[in-house]
Student: 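Below is the structure I would like to discuss, written out as structure tokens.
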Amino acid sequence: MNTPVFSYKNAESFFDKQELDQMGKKAAKAMEELESGTGRGNDFLGWLHLPENYDRDEFERVKKASEKIRSNSKALIVIGIGGSYLGARAAIEFLNGTLSNAKADGMKVFFAGNSISSSYHYELLEMMKDVDFSVNVISKSGTTTEPAIAFRLFKELLEEKYGREGAKERIYVTTDKQKGALLDLAKEEGYERFTIADDVGGRYSVLTSVGLLPIAAIGADIDQLMEGAKAAHDDLAEKEFEKNPAMVYAALRNLFLEKGKSVEILVNYEPSLQYFSEWYKQLFAESEGKENKGLFPASLNFSSDLHSMGQFVQEGTRIMFETVVSIDSPKYDIQVKEDDKNVDGLNFLAGKTIDFVNKKAYQGTVLAHCDGGVPNLSLHVPQQDAFNLGYLFYFFEKSCAISGYILGINPFDQPGVEAYKKNMFALLGKPGYDDMKAELESRLK
């Protein structure tokens, strides 16, 4: 089966081969650290061999639970934040499209607990009052503020609609295997439980039950998803630098950073890849953004953003490079027809497809941006299916880990995430934060 192909031919003019060779040696060393488990954060490497070592029994339970959800519900509410929802949302939109919830048939999937917006949650609660739905709450502790608030709300609605026993059959908990408030509640109420592994961080968890249950609930082939990840796992085990695209990509990212390119833009030409970009941003930002190091991961949706951000990319500060994820064969295509009046002047496209036009927009943009001083890397994906998505997930995960080790940081922790939480808890008056509250309030005056 064809797999995604990484290329840097549109970036070769921005560096010398000797520079890449030198960075390649660092990438090879980082790869060795990763594979041998001797690098920083090595207690969070459960994702590394997951595509071949995943829990088959839990995997089968995920498929059975997804069948149950599809049989008794028209909608699934996925409650989680960060890595607890971004991978699933990326996969669902990649596979089912951005308009899947607007279709008359099929499972509707909505996401809650990824913000503290009262308006959003009110509207979603109102929508679910007349819809049969289930909930998948995903939280290692059960006490993270955003998902904990949302779960309270939707648990209450489920119990109002179906009673406590009926609600129990519609609540699926993905949490820590051994401890935590959510685990205790799930045991007490008898909710079906799935595991957040101790050695897999949230942003690397999409190929575990964290992502697999919501993905399976839309009817996606998660066997193929794991097959794609396994193909990537095998391909990217290659030790020779030039033959391992994950090492090459990681090396190029760091080479561009050394040359002053401090921003990487992940570009797509399909709206259904927008949330894949959001997943990528969390993966790299949380992994590399520490110790005053790292590239800033951004994303743009072309060609729409060419009409807003395109001016800056073309002629603004030269601090960026682009990585384009391009789909070779779209799921659907439309032919442009001849028009008698030709008011829009598009008859020169008659007989061609919209995807043909999209590809030419991509090619023209790459040439323009390279001329403007923006290096372009690319990942060509044969088609939008579960196999290729699994490959992409693993490709970026491994590239990110290697890139982090080249930087000399721990790619698997996120100490900075706690800073805002402490301030928020103090300002809310949470017990244990009393000594901070007065000082923070005085700063806000």
Side-chain angles (χ1 to χ4, degrees), residues 4 62 66 69-70 73-115 120 124 127 133 136 138 202-208 210-222 224-226 228-229 265-284 297-305 323-333 354-355 358 379 381-397:
V62 163
S66 70
I69 292 169
R70 290 167 63 79
S73 300
K74 296 294 185 183
L76 173 66
I77 309 297
V78 179
I79 298 174
I81 195 165
S84 294
Y85 94 100
L86 281 170
R89 185 158 189 177
I92 289 168
E93 295 207 2
F94 185 99
L95 297 172
N96 271 20
T98 55
L99 301 178
S100 58
N101 279 349
K103 297 173 183 176
D105 57 350
M107 175 66 62
K108 311 291 189 293
V109 181
F110 299 94
F111 295 87
N114 50 66
S115 75
Y120 175 84
L124 188 54
M127 187 186 302
F133 74 98
N136 177 206
I138 306 164
R203 58 189 177 274
Y204 288 85
S205 66
V206 64
L207 298 174
T208 72
V210 170
L212 293 176
L213 180 57
I215 296 169
I218 65 166
D221 189 340
I222 59 174
Q224 280 295 299
L225 187 75
M226 297 306 290
I265 303 172
L266 194 75
V267 171
N268 69 74
Y269 283 78
E270 291 288 344
S272 54
L273 269 66
Q274 179 175 345
Y275 265 89
F276 185 87
S277 297
E278 296 300 314
W279 172 83
Y280 142 88
K281 286 193 289 189
Q282 190 211 3
L283 176 67
F284 281 92
S299 64
L300 291 174
N301 307 305
F302 288 170
S303 62
S304 57
D305 282 337
T323 300
V324 182
V325 179
S326 175
I327 307 299
D328 291 341
S329 299
K331 295 176 73 173
Y332 310 103
D333 207 354
I354 292 179
D355 186 63
N358 202 25
L379 263 169
V381 184
Q383 56 192 34
Q384 275 183 258
D385 58 17
F387 179 90
N388 281 283
L389 178 60
Y391 197 104
L392 284 176
F393 277 138
Y394 190 85
F395 171 84
F396 279 105
E397 287 176 350

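FYI, side chains are in, hydrogens and waters are out, and symmetry mates aren't considered; it's all heavy atoms of this structure. Because the structure is predicted, anything quoted here is derived from the model rather than measured.
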Student: Checking ring pair (Phe, Tyr, Trp, His ring centres under 6.0 Å) between Phe393 and each of Phe94, Tyr204, Phe276, which is the one that passes?
Tutor: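 The passing option is Phe276.
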
Student: Between the main-chain N or O of Val109 and the side-chain N or O of Asn101, is there a donor-acceptor pair closer than 3.5 Å?
Tutor: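 Such a contact is found between Asn101 side chain and Val109 backbone.
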
Student: Could you check if a side-chain atom of Asp305 sits within less than 4.5 angstrom of a side-chain atom of Val267, using non-hydrogen atoms only?
Tutor: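 Answer no - side chains too far apart.
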
Student: OH of Tyr85 to CD of Gln282: how many Å apart, nearest 0.5 Å?
Tutor: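 Output value for this atom pair is 9.0 Å.
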
Student: Dump the intermediate steps for side chain to side chain contact (heavy atoms under 4.5 Å, CB included) on Phe395 and Leu379, then the final yes or no.
Tutor: CA-CA 10 Å; Phe395 171 84; Leu379 263 169; 3.5 Å; yes

Student: So, does Arg70 use its side chain to make a donor-acceptor pair with the main chain of Ala217 at under 3.5 Å?
Tutor: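 Pair found, side chain donor or acceptor close to backbone of Ala217.
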
Student: Set out, in order, the CA-CA distance, both residues' side-chain angles and the distance that settles side chain to side chain contact (heavy atoms under 4.5 Å, CB included) for Leu273 and Leu266, then state yes or no.
Tutor: CA-CA 10 Å; Leu273 269 66; Leu266 194 75; over 6 Å; no

Student: Would you compute the distance between atom OH of Tyr120 and atom CZ of Phe110 and round it to the nearest 0.5 angstrom?
Tutor: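 Going from OH on Tyr120 over to CZ on Phe110, the span is 7.5 Å.
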
Student: Going from CD1 on Ile222 to CG on Leu212, what distance comes out if it is rounded to the nearest 0.5 angstrom?
Tutor: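 Rounded to the nearest 0.5 Å, the CD1-CG separation comes out at 5.0 Å.
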
Student: Is the side chain of Asp333 donor-acceptor paired with the backbone N or O of Asp355 at a distance under 3.5 Å, no angle test?
Tutor: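 Side chain of Asp333 to backbone of Asp355, a donor-acceptor pair under 3.5 Å: yes, one is there.
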
Student: Applying side chain to side chain contact (heavy atoms under 4.5 Å, CB included), run through Tyr269 and Val324 and close with a yes or a no.
Tutor: CA-CA 8 Å; Tyr269 283 78; Val324 182; 4.0 Å; yes

Student: Can you tell me how far apart OG (Ser299) and CH2 (Trp279) are? Round to the nearest 0.5 Å.
Tutor: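 Reported to 0.5 Å precision, the distance equals 13.0 Å.
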
Student: Under the salt bridge (charged side-chain N to carboxylate O under 4.0 Å, His left out) test, which residues partner Lys108, sequence neighbours left out?
Tutor: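 In terms of salt bridge (charged side-chain N to carboxylate O under 4.0 Å, His left out), with neighbours along the sequence ignored, Lys108 is linked to no residue.
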
Student: Taking all atoms of both residues into account, what is the closest heavy-atom pair of Ile81 and Gly113, and its distance?
Tutor: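 For Ile81 and Gly113, the tightest heavy-atom pair comes out as CB-O, 3.6 Å.
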
Student: Could you list the residues that satisfy salt bridge (charged side-chain N to carboxylate O under 4.0 Å, His left out) with Asp385, not counting sequence neighbours?
Tutor: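 Salt bridge (charged side-chain N to carboxylate O under 4.0 Å, His left out) list for Asp385, sorted by chain: empty.
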
Student: Please give me the minimum heavy-atom distance between Gln384 and Ile327, naming the atom from each residue.
Tutor: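 Scanning both residues completely, I find the closest heavy atoms to be CG-CD1, 3.7 Å.
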
Student: Between Glu397 and Val206, what is the shortest heavy-atom contact and its length?
Tutor: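 Closest heavy-atom pair between Glu397 and Val206: OE2-CG1, 3.8 Å.
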
Student: Using a cut-off of 6.0 Å, state whether more than 12 heavy atoms not belonging to Lys74 lie near its atom NZ.
Tutor: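 Count not over threshold, so no.
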
Student: Is any side-chain heavy atom of Asn358 less than 4.5 Å from a side-chain heavy atom of Glu270?
Tutor: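 Side-chain contact under 4.5 Å: yes.
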
Student: Are the side chains of Asn388 and Pro4 in touch, meaning some heavy atoms are under 4.5 Å apart?
Tutor: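 A side-chain contact exists here, since the closest heavy-atom pair is under 4.5 Å.
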
Student: Which distance, rounded to the nearest 0.5 Å, do you find between the CG of Leu389 and the CD1 of Ile215?
Tutor: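 So the CG of Leu389 and the CD1 of Ile215 are separated by 7.0 Å.
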
Student: Does Ile69 reach the side chain of Met107, with side-chain heavy atoms less than 4.5 Å apart?
Tutor: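 Yes, their side chains come closer than 4.5 Å.
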
Student: Do the ring planes of Phe284 and Phe396 sit parallel (below 30°), tilted (30 to 60°) or perpendicular (above 60°)?
Tutor: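 Ring orientation, 0 to 90° scale: perpendicular.
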
Student: Between Phe111 and Leu124, which heavy-atom pair has the shortest distance, and what is it?
Tutor: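 Taking Phe111 first and Leu124 second, the nearest heavy atoms are O-CD2, 4.2 Å.
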
Student: Which of these, Ile138, Asn136, Thr208, sits in a side chain to side chain contact (heavy atoms under 4.5 Å, CB included) with Leu213?
Tutor: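 Only one option passes, and that is Asn136.
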
Student: Measure across Asn268 and Ser277 and return the closest heavy-atom pair with its distance rounded to 0.1 Å.
Tutor: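 Minimum heavy-atom contact is ND2-OG, 3.5 Å.
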
Student: Could you report the tightest heavy-atom contact between Val325 and Val381, atom names first, then the distance?
Tutor: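 So the minimum-distance heavy-atom pair works out to CG1-CG2, 3.9 Å.
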
Student: I'd like to know if the side chain of Gln224 reaches the main chain of Phe387, judged simply by a donor and an acceptor atom lying under 3.5 Å from each other, with no hydrogens or angles considered.
Tutor: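 Not a single qualifying donor-acceptor pair exists.
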
Student: So how far is it from Phe302 CZ to Ile265 CD1, rounded to the nearest 0.5 Å?
Tutor: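 The distance works out to 6.5 Å.
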
